[in-house]
Amino acid sequence: YKWLSGFTDAEGNFFIATLPKGFSFRFQIGLHIDDLPVLNYIKNNLGFGQVYPYKTKCYFFVTKKEDILKIIFIFDNYTLNSSKRLDYLDFKKAFVLYNDRTKLSKELINQVLELKNSMNNQRTNFDWSNININISKSWLLGLTEADSSFCLNRKILEPIYSIQLTESQLPLLIEIKKYLENNLEFDQYSIQKLNSSSIISIGKSKAVKNSKPL
């Protein structure tokens, strides 16, 4: 579950869809078709959800009410560390409001729509006070498998491990940097070298075309 939390922070999404007579709720992970076995692994270990390959993509969907409740149980106990937790909290709040209803009133519709319209790409409020970042080995492995790279600098033959996230995720990258510095069993001399070098560092890049700054 900690691994799944890290993987979800990188590649998972929470969606609310508007229907003619209400709303539907969906948890989703989307990957390239080459990673279809990963989604089957997730489905088989959870014991619910559906996997759909489509052209060059593949998707893991959770849509049934009873399965959404299981997803909520997981992410309440193995919390997300990125700003995706804010989307999850809005998703959960809307799901509970909608499924505890006695009738589909105009007030309820407006409440759910307000939450829906503040999530994902429409989010403007990134209040990190609602996110208790807790890095673990399993969580970091999940994030790494979903959203990191290993490469070699050709000029100086230097191996590089990197994680690229949008600029809004800077607080998370700061905590990952601290975690690596404090949990890789460096001696005091090595820690001093780390603090005076860029061996473990955070950099920025400007937005390109329609993308966000990284």
Find out whether Asn81 and Leu143 are in side-chain contact, i.e. whether some heavy atom of one side chain is under 4.5 Å from a heavy atom of the other. no

Closest non-hydrogen atom pair between Val62 and Gly49, with its separation: CG2-CA, 4.2 Å

Please assess Leu46 against Ile74 for the test side chain to side chain contact (heavy atoms under 4.5 Å, CB included), listing each intermediate value before the final yes or no. CA-CA 10 Å; Leu46 290 178; Ile74 292 171; 3.7 Å; yes

May I ask whether Leu86 and Phe91 are part of the same hydrophobic cluster, defined by side-chain heavy atoms of I, L, V, M, F, W, Y residues being less than 4.5 angstrom apart, directly or through others? no

Closest non-hydrogen atom pair, Asp147 against Ile163: O-CG2, 3.7 Å

Say whether Ile131 and Tyr179 are linked into one hydrophobic cluster, either directly or through other cluster members, by side-chain heavy-atom distances under 4.5 angstrom. yes

Would you say the side chains of Thr166 and Ser168 form a donor-acceptor pair under 3.5 Å? yes

If you count every heavy atom of other residues, nucleotides or ligands that lies below 6.0 Å from Tyr189 atom OH, does the total exceed 12? no

Out of Phe95, Phe61, Phe75, which one pairs with Phe27 under the ring-ring contact (aromatic ring centres under 6.0 Å, His included) rule? Phe75

Is it true that Tyr88 and Asp76 share a donor-acceptor pair across their side chains at a distance under 3.5 Å? yes

Say whether Phe60 and Leu31 are linked into one hydrophobic cluster, either directly or through other cluster members, by side-chain heavy-atom distances under 4.5 angstrom. yes

Approximate separation, where rounding is to 0.5 Å, of Glu107 CD and Arg101 CZ: 14.5 Å

Look at the aromatic rings of Tyr1 and Tyr78 and report parallel, tilted or perpendicular, splitting at 30° and 60°. tilted

For Glu181, is there an ion pair with Lys178 - N to carboxylate O distance below 4.0 angstrom? no

Tyr59 reachable from Leu4 in the ILVMFWY side-chain graph, under 4.5 Å edges: no

Distance-only, no hydrogens or angles: does the Asp87 side chain make a donor-acceptor pair with backbone N or O of Phe14 under 3.5 Å? no

Nearest heavy-atom pair of Arg85 and Leu80: which atoms, and what distance? CD-O, 3.4 Å

Intermediate values then yes/no, side chain to side chain contact (heavy atoms under 4.5 Å, CB included), Gln28 and Phe15: CA-CA 8 Å; Gln28 171 183 312; Phe15 294 104; 3.8 Å; yes

So NZ of Lys193 and CG of Asp187: to nearest 0.5 Å the spacing works out to 10.0 Å

Heavy-atom side-chain contact between Ser148 and Tyr161 under 4.5 Å: yes

Hey, is OH on Tyr41 packed in by over 12 heavy atoms from elsewhere, all under 6.0 Å? no

Quick one: CG on Asn182 to NZ on Lys177, what's the gap to the nearest 0.5 Å? 9.5 Å

Determine the minimum heavy-atom distance between Ile42 and Ile29, stating which atoms define it. CD1-CD1, 4.0 Å

Check whether Ile202 and Leu184 end up in the same hydrophobic cluster, where Ile, Leu, Val, Met, Phe, Trp and Tyr are linked by side-chain heavy atoms less than 4.5 Å apart. yes

Identify the two heavy atoms, one from Gln169 and one from Ser83, that lie closest to each other, and give their separation to 0.1 Å. NE2-OG, 2.5 Å

Set out, in order, the CA-CA distance, both residues' side-chain angles and the distance that settles ring-ring contact (aromatic ring centres under 6.0 Å, His included) for Tyr52 and Tyr54, then state yes or no. CA-CA 6 Å; Tyr52 297 99; Tyr54 180 71; over 10 Å; no

Residues Lys70 and Glu66 bridged, charged N to O under 4.0 Å: no

Atom CD of residue position Gln122 - does it have more than 12 heavy atoms of other residues, nucleotides or ligands inside 6.0 Å? yes

Working note: Leu140 + Ile176, criterion side chain to side chain contact (heavy atoms under 4.5 Å, CB included); need CA distance, chi angles, decisive distance, verdict. CA-CA 8 Å; Leu140 185 58; Ile176 291 174; 4.2 Å; yes

Without swapping roles, check the side chain of Thr63 against the backbone of Arg26 for a donor-acceptor pair under 3.5 Å. no

Check: Asn134/Trp139 side-chain N/O donor and acceptor closer than 3.5 Å: no

Aromatic ring pairing Phe23/Tyr98, orientation class (parallel under 30°, perpendicular over 60°, tilted between): perpendicular

Say you draw a straight line from CD of Glu114 to CD1 of Ile109; how long is it, rounded to the nearest 0.5 Å? 14.0 Å

Is the backbone N or O of Gly12 less than 3.5 Å from a side-chain atom of Lys84, with the two atoms forming a donor-acceptor pair by type? yes

Measuring from Ile174:CD1 to Ile133:CD1, what's the distance to the nearest 0.5 Å? 8.5 Å

Supply the atom-to-atom distance Lys93 NZ to Ile16 CD1, rounded to the nearest 0.5 angstrom. 11.5 Å

Heavy atoms from other residues, nucleotides or ligands near CZ of Phe126 exceed 12 (cutoff 6.0 Å): yes

Working for side chain to side chain contact (heavy atoms under 4.5 Å, CB included), residues Thr18 and Leu113: CA-CA 8 Å; Thr18 305; Leu113 284 175; 3.9 Å; yes

I need the minimum non-hydrogen distance between Ser118 and Asp90, along with the two atoms involved. OG-OD2, 3.3 Å

